[in-house]
Amino acid sequence: MPPKKKARVSKRAERSGDDGEKGKSSTAKRKAAVPAKKTETSSEFVPYSRWLMKSEPESRFENGIDVKFGIEDLKALPDQTSCWDGVRNYQARNFMRQMKEGQLALFYHSNCKEPGIAGVIKIVKEAYVDHTQFDKKDVHYDASSKPDNPKWSMVDVQYQRMMKRFIPLSELKGYHTQHLSEGGPLKQAALFTRARLSVQPLTAEEFDFILSLEDKEPQ
DNA sequence: GCCAACGTTGGC
DNA sequence: GCCAACGTTGGC
């Protein structure tokens with residue numbers, strides 16, 4: 001399961017102990033878990049079912065370790081499957097814990113020449129303990145996390161397909177700006193409103209809109 | 001390489 | 001429990 005890899009996020013996160021989900025007390029709550037949207041006609045919560053996950057496709061060394069993990073790297077693995085370890089941000093972790101097997105996510109290339117949406121992946125294993133938090137050699141080792149009460153989780157994802165064409169961030173940003181003034185599906189996309197979140201939810205409208213761009217001319 | 005935005009830490 | 005300092009994310 002554990003190919004070395006990806007998702008760059010803080011590296012210490014030390015205490016703060018919080019756990020995000022016991023929700024009630026303490027600090028670090030700040031903007032805890034954004035609640036899923038409600039439907040118009042009922043007060044039922046509709047859980048998110050689409051996601052966007054960021055990873056770096058270009059080599060970058062952290063403590064002597066290359067954190068490069070682009071969609072091509074995922075595609076090259078046995079079963080085209082990998083665990084998504086190394087997430088060290090509570091909101092991102094909490095979103096991963098909401099993921100269900102079979103759900104789709106957009107694979108986003110970050111911190112690179114051309115940031116943007118590279119392809120589609122599928123959640124093939126729901127959240128479980130991220131072993132790298134206990135590994136002193138790992139870039140994302142977290143000395144504050146104890147095996148009897150692990151802080152960090154990961155999911156497994158499987159490559160589905162490349163986008164028919166790469167959708168650059170710049171293009172999405174153009175639509176975001178446009179939708180802000182005229183209305184439209186990317187108006188509130190987390191990619192822009194929560195820029196630094198490495199694992200974020202997408203509404204069905206956002207997800208479908210982004211996929212629809214594949215068949216349009218680059219803007 | 002710069003640096004704005006923002007999450008985390010830790011003193012008080 | 002506030003908030004300034006610090007460190008990271010990630011576009012440009």
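Note on naming: letters A, B, ... go to the chains in the order of the sequence lines (proteins, then strands), and numbering restarts at 1 for each one.
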(Q) How many whole angstroms separate atom NE2 of A/H109 from atom P of C/dG11? (A) 12 Å

Q. For A/K113, which contact category applies under a 4.0 Å heavy-atom criterion: base, sugar-phosphate, or nothing?
A. nothing

Q | CG on A/L213 to OH on A/Y175, rounded to 0.5 Å | A | 5.0 Å

**Q.** Proximal nucleotide (of B/dG7, C/dG10, C/dG11) relative to the A/Q91 side chain
**A.** B/dG7

Q | Rounded distance in Å - NZ (A/K54) to P (C/dT8) | A | 17 Å

Q: Ignoring backbone atoms, establish whether A/Y108 has a side-chain N or O less than 4.0 Å from OP1 or OP2 of C/dG11.
A: yes

Q.
So, using ring pair (Phe, Tyr, Trp, His ring centres under 6.0 Å) as the criterion, who are the partners of A/F192 when residues are at least two apart?
A. A/H176

Q) At what distance, to the nearest 0.5 angstrom, does CD1 of A/I71 lie from CZ of A/R161? A) 9.5 Å

Q | Counterpart residues, side-chain contact (heavy atoms from CB on, under 4.5 Å), relative to A/V129 (two or more places apart) | A | A/Q133, A/F134, A/P150

Q: Figure out the CG/P separation between A/L191 and C/dG10, and round it to whole Å.
A: 10 Å

Q: Using atom CG of A/N63 as one end and atom C1' of C/dG7 as the other, report the distance to the nearest whole Å.
A: 14 Å

Collect all protein-nucleotide pairs involving nucleotides 1-5 of chain B in which both atoms are nitrogen or oxygen and the distance is under 3.5 Å.
residue, atom, partner, partner atom, Å
B/dA5, N3, A/R196, NH1, 3.2

Q) Atom CD of A/E114 to atom C1' of C/dG11: distance rounded to whole Å? A) 12 Å

Q) Is A/L197 linked to A/F207 within one hydrophobic cluster, defined over Ile, Leu, Val, Met, Phe, Trp and Tyr using a side-chain heavy-atom separation of less than 4.5 Å? A) no

Q | Rounded interatomic separation in angstrom, taking CG from A/D142 and P from B/dG7 | A | 19 Å

Q) Rounded to the nearest 0.5 Å, how far does CG of A/L74 lie from OH of A/Y159? A) 8.5 Å

Q: Report the distance from atom CZ of A/R194 to atom P of C/dG10, rounded to the nearest whole Å.
A: 12 Å

Q: Look at all strands and tell whether A/F192 reaches a base, only sugar-phosphate, or nothing, counting heavy atoms closer than 4.0 Å.
A: nothing

Q | Rounded interatomic separation in angstrom, taking CZ from A/R88 and P from B/dT8 | A | 13 Å

Q: Measure from the side chain of A/L169, starting at C-beta and using heavy atoms only, and say which of B/dT8, C/dG10, C/dG11 lies closest.
A: C/dG11

Q: Report yes if the distance between the aromatic ring centroids of A/W152 and A/Y90 is under 6.0 Å, otherwise no.
A: yes

